[in-house]
There are 2 protein chains.
Amino acid sequence: MSKRVSTRTEAVPLIAEVFREHGYEGTSLSLITSATGLGKGSLYNFFPGGKEEMATAVLDHIEAWFAAHIFVPLATAKAPLPAIDAMFVSVEEYFLSGRRVCLVGAFALADTRDQFSSAVRTYFLQWLDSLAKALVRAGHRPAQAKTLSEEIVSEIQGAIILTRALEDPAVFRRALKRLKELTLQPA
Amino acid sequence: MSKRVSTRTEAVPLIAEVFREHGYEGTSLSLITSATGLGKGSLYNFFPGGKEEMATAVLDHIEAWFAAHIFVPLATAKAPLPAIDAMFVSVEEYFLSGRRVCLVGAFALADTRDQFSSAVRTYFLQWLDSLAKALVRAGHRPAQAKTLSEEIVSEIQGAIILTRALEDPAVFRRALKRLKELTLQPA
DNA sequence: GTCTATAGATCGATAGAC
DNA sequence: GTCTATCGATCTATAGAC
């Protein structure tokens with residue numbers, strides 16, 4: 001288990017995986033120690049705020065990753081369709097075809113939503129907004145782009161749930177294929 | 001908080017709400033005591049297996065409700081379209097327009113999935129299967145009905161996440177409206 | 001059958017040695 | 001800066017009074 005990291009930066013992705021697997025309440029410092037090789041001394045040195053600060057750092061890290069790889073390209077790329085395609089590729093890889101939980105979505109379901117509501121809200125608003133912008137540039141009407149982006153983000157989240165429930169990544173891949181086709185049909 | 005119930009049957013729906021709000025790991029017996037008015041003596045009298053048996057009882061109760069109100073009507077009603085419409089009405093009411101968590105979906109995301117994988121899997125398989133059957137009777141081709149049922153169940157789950165993340169039940173209602181329209185267009 | 005008291009374990013967090 | 005030891009709180013579960 002111990003990957004024996006020695007910096008805060010290296011620790012964050014490993015801690016993220018623990019939160020993804022066990023949820024916020026189910027994650028204990030001993031699990032984090034097992035995953036990182038860091039004792040409590042080091043953990044509280046890196047994260048003086050304890051478990052809550054670890055979760056905040058993880059959410060920040062996730063949002064930064066999505067911003068760099070998905071949100072910004074969607075919102076700014078000159079060619080919208082390749083950016084949308086790249087989003088689907090990134091999503092499939094990032095979520096391991098639906099086997100890997102979206103931590104932000106999981107936090108939205110749990111009561112931790114109240115604690116981290118701002119980060120959860122921002123993540124999804126950025127995704128919806130950047131995707132809608134790309135869809136508009138791809139020829140969709142603004143109202144339709146808004147609806148379509150909601151449909152896409154929703155179904156990605158739901159497909160993760162269904163994929164894990166049935167333990168069948170094909171569910172996730174079929175969902176992405178359907179959604180991708182929807183983006184190609186401006187009305 | 002205390003609703004002062006006095007039987008196992010009355011307690012199960014109240015316990016279900018605690019699990020929905022706090023998740024499996026986040027639910028403590030003291031929270032359940034607060035919600036039901038039952039002390040630990042009564043709780044262990046009704047559920048000798050403790051917290052795990054409470055969760056199992058809740059999952060059984062949920063599955064029975066969905067079977068009676070949604071799965072069986074979908075699979076057996078002579079007129080499929082009214083049954084599908086009734087499903088959307090039931091879903092909107094049951095999940096309080098997306099404000100109320102689907103406990104089975106939440107369990108599919110958490111590591112409790114392993115513990116309750118059979119119940120989680122059965123719930124979603126029944127939903128997918130009964131809905132696909134209704135769609136076939138409504139004129140969809142079998143393969144299309146399977147895909148469409150996956151899309152509908154997935155997006156209902158995802159819409160709950162997005163609704164809670166944005167704290168906007170309109171997201172859920174828009175999703176249901178979109179999905180309902182999809183069922184009316186046999187190709 | 002339901003209560004209180006409590007066991008035994010684990011939680012998050014802190015203190016102090018080094 | 002990282003360790004071990006430990007605190008106080010809380011957890012699930014049990015025991016025994018009534």
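So you know, we letter chains A, B, ... as the sequences are listed, proteins then strands, and number each from 1.
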[atom1] of [X] versus [atom2] of [N]: gap in Å, rounded?
X	N	atom1	atom2	result
A/Leu43	C/dA13	CG	P	11 Å
A/Ile32	C/dT10	CD1	P	17 Å
A/Lys40	D/dA5	NZ	P	12 Å
A/Glu25	D/dT10	CD	C1'	12 Å
B/Glu53	D/dA13	CD	P	10 Å
A/Met54	C/dC11	CE	P	13 Å
B/Leu38	D/dT12	CG	P	15 Å
B/Leu31	D/dT10	CG	C1'	11 Å

Pair B/Ser154, A/Glu155: side-chain N/O donor-acceptor within cut-off below 3.5 Å: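 Looking only at side-chain atoms, A/Glu155 and B/Ser154 do not form any donor-acceptor pair under 3.5 Å.
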Nearest non-hydrogen partners of A/Lys51 and A/Thr27, listed with the distance: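 Where A/Lys51 meets A/Thr27 most closely, the heavy atoms are NZ-O, 2.8 Å.
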[options]: which one has an atom nearest the side-chain heavy atoms of [X]?
X	options	value
B/Lys51	D/dT12, D/dT2, C/dA13	D/dT12
A/Phe46	C/dA13, C/dT2, D/dT2	D/dT2
B/Ser28	C/dT2, D/dC11, C/dT14	D/dC11
B/Tyr44	C/dA13, D/dA13, D/dT2	D/dA13

Cation-pi, A/Phe172 ring and A/Arg99 (6.0 angstrom, 45 degrees):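 So A/Arg99 doesn't make the cation-pi contact.
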D/dG1 OP1/OP2 closer than 4.0 Å to side-chain N/O of A/Asn45: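 It does not, given that no N or O in the side chain of A/Asn45 lies less than 4.0 Å from OP1 or OP2 of D/dG1.
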N or O in side chain of B/Ser30 less than 4.0 angstrom from D/dT10 OP1/OP2: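 It does not, given that no N or O in the side chain of B/Ser30 lies less than 4.0 Å from OP1 or OP2 of D/dT10.
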Touch class at under 4.0 angstrom, heavy-atom based, for B/Phe47 against every strand present: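 It contacts nothing in the nucleic acid.
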Sugar-phosphate only, base, or nothing, as touched by A/Thr7 at under 4.0 Å among non-hydrogen atoms: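 No contact at all - A/Thr7 keeps every heavy atom at 4.0 Å or more from the nucleic acid.
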Closest-nucleotide 5' rank along DNA chain C - winner of A/Thr27 and A/Gly41: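 Looking at the nearest nucleotide for each, A/Thr27 comes out on the 5' side.
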Parallel, tilted or perpendicular: ring planes of A/Trp127 versus A/Phe66, cut at 30 and 60 degrees: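 Answer is tilted, since the angle falls between 30° and 60°.
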Parallel, tilted or perpendicular: ring planes of A/His69 versus A/Trp65, cut at 30 and 60 degrees: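 Correct class here is parallel.
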